[in-house]
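Below: the structure, in structure tokens.
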Amino acid sequence: GAGVSQSPSNKVTEKGKDVELRCDPISGHTALYWYRQSLGQGLEFLIYFQGNSAPDKSGLPSDRFSAERTGGSVSTLTIQRTQQEDSAVYLCASSSLSYEQYFGPGTRLTVT
Amino acid sequence: AQSVSQHNHHVILSEAASLELGCNYSYGGTVNLFWYVQYPGQHLQLLLKYFSGDPLVKGIKGFEAEFIKSKFSFNLRKPSVQWSDTAEYFCAVNSGYALNFGKGTSLLVTP
């Protein structure tokens with residue numbers, strides 16, 4: 001079946017612009033996660049959704065980052081007023097009740 | 001603070017050599033343990049997992065890992081590596097929902 005998909009695969013933006021990153025989880029997976037992968041920090045947890053609710057937003061690095069999930073499916077991660085330190089690969093994962101998280105291919109964000 | 005440590009950042013092996021990648025974690029209580037692999041240009045894939053039961057778990061492509069609770073370790077092993085095992089390997093732990101990852105080990109297998 002289809003895996004987790006993310007779009008765009010690459011995004012280059014100017015410092016100060018807003019960006020939206022999209023994640024389509026595996027159909028039927030109720031849990032959705034966003035992570036960030038960067039050279040200096042490795043893989044960091046950002047936010048977790050159970051259904052449309054985000055019980056844990058503690059990993060979001062600043063208030064410039066926000067995320068939402070609608071219909072228990074698609075999620076959007078928004079970064080406002082991007083900074084160079086936001087450059088990273090943003091990964092989305094989804095899971096059912098089994099705790100196995102399935103990852104998408106990621107969005108490579110470059111802030112110039 | 002909860003953490004996951006991978007001891008080797010870069011490993012270079014010849015084909016047919018044996019592999020062991022170390023992973024230690026610092027968590028109290030019940031944990032779930034994972035090894036993920038990221039082949040060049042590909043996304044993270046699950047190699048194997050441990051939730052409970054037999055502490056020696058077998059995954060895909062001949063990999064296995066052993067959970068040693070007393071040592072807080074979950075080392076990854078493979079008896080004989082192939083060139084196609086060249087990848088980055090990540091140990092991860094969760095005690096709830098979020099995965100906490102180690103920094104990763106880059107494995108290069110030379111022909």
Side-chain angles (χ1 to χ4, degrees), chain A residues 2-10 21 23-26 29-51 53-61 67 69 75 88-108, chain B residues 1-10 21-27 29-53 57-60 63 65 67 74 87-106:
Chain A
V4 178
S5 61
Q6 292 186 245
S7 60
S9 54
N10 281 285
L21 312 179
C23 172
D24 265 290
I26 292 172
H29 280 189
T30 57
L32 185 147
Y33 315 79
W34 284 97
Y35 294 86
R36 180 167 71 172
Q37 185 175 24
S38 56
L39 277 176
Q41 300 299 322
L43 276 151
E44 306 170 271
F45 166 75
L46 297 178
I47 189 170
Y48 153 68
F49 286 92
Q50 182 59 46
S53 301
D56 186 354
K57 303 180 183 180
S58 63
L60 294 177
R69 189 179 184 195
S75 175
V89 177
Y90 290 81
L91 297 172
C92 176
S94 69
S95 72
S96 60
L97 298 177
S98 68
Y99 301 108
E100 287 185 36
Q101 295 184 23
Y102 295 85
F103 283 81
T107 294
R108 181 174 297 277
Chain B
Q2 300 172 337
S3 66
V4 180
S5 298
Q6 291 183 240
H7 315 300
N8 317 97
H9 298 296
H10 298 280
L21 301 182
C23 174
N24 285 87
Y25 63 92
S26 63
Y27 282 83
T30 303
V31 294
N32 301 314
L33 300 156
F34 306 83
W35 277 95
Y36 280 85
V37 60
Q38 191 169 29
Y39 298 103
Q42 296 189 27
H43 58 278
L44 276 168
Q45 301 172 39
L46 182 66
L47 259 185
L48 47 78
K49 62 185 185 288
Y50 174 80
F51 291 165
S52 63
V57 293
K58 296 190 184 299
I60 61 172
F63 286 90
F67 170 52
F74 189 56
E88 187 132 15
Y89 293 81
F90 295 91
C91 180
V93 177
N94 79 359
S95 58
Y97 43 82
L99 286 170
N100 280 278
F101 286 89
K103 296 289 189 189
T105 297
S106 177

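Computed from heavy atoms alone, side chains included, the values below leave out hydrogens, waters and symmetry copies. In what follows, every chain begins at residue 1, and chains take the letters A, B, ... in the order their sequences are listed. All of these numbers come straight from a predicted model, not from anything done at the bench.
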| message | Taking side chain as everything from C-beta outward and backbone as N, CA, C, O, which of these in A/E44 sits under 4.5 Å from a heavy atom of chain B? Side chain, backbone, both or neither. | response |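 For A/E44, there is no contact with chain B at all, as no heavy atom is under 4.5 Å.
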| field | Under 4.5 Å from any heavy atom of chain B - which part of A/I47 | value |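 Neither part.
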| said: Looking at every non-hydrogen atom in both residues, tell me the closest pair between A/Q101 and B/Y36 and how far apart they are. | reply: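 Heavy atoms of A/Q101 and B/Y36 come nearest at O-OH, 2.8 Å.
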| field | Stepwise side chain to side chain contact (heavy atoms under 4.5 Å, CB included) check, A/Q6 with B/H43 | value | CA-CA 11 Å; A/Q6 292 186 245; B/H43 58 278; over 6 Å; no
| request: Quick one: sort the B/Y97 and A/Y48 rings into parallel, tilted or perpendicular, breaks at 30° and 60°. | output: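 Judged by the thresholds at 30° and 60°, the geometry between B/Y97 and A/Y48 is parallel.
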| message | Quick check on A/L39: does its CG atom have over 12 non-hydrogen neighbours (other residues, nucleotides or ligands) under 6.0 Å away? | response |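 No.
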| request: For chain B, find which of A/G104, A/A31, A/G106, A/A93 contributes the most heavy-atom pairs closer than 4.5 angstrom. | output: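 Maximum pair count with chain B is reached by A/G104.
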| Straight-line distance of A/Y102 OH to B/L46 CG, nearest 0.5 Å |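 Spacing of OH (A/Y102) from CG (B/L46) equals 7.0 Å.
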| Distance (rounded to the nearest 0.5 Å) between B/N94 CG and A/F45 CZ |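 These two atoms lie 10.5 Å from each other.
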| query | Does the pair B/L99 and A/L43 meet the rule for a side chain to side chain contact (heavy atoms under 4.5 Å, CB included), with working shown? | reply | CA-CA 9 Å; B/L99 286 170; A/L43 276 151; over 6 Å; no
| salt bridge (charged side-chain N to carboxylate O under 4.0 Å, His left out) against A/D24, all qualifying residues, sequence neighbours excluded |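 Counting only residues at least two positions away or on another chain, A/D24 forms a salt bridge (charged side-chain N to carboxylate O under 4.0 Å, His left out) with A/R22.
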| task | Would you mind checking which part of B/Q38 comes under 4.5 Å of any heavy atom in chain A, side chain (CB onward), backbone (N, CA, C, O), both or neither? | result |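 Answer is side chain: those atoms of B/Q38 sit under 4.5 Å from chain A.
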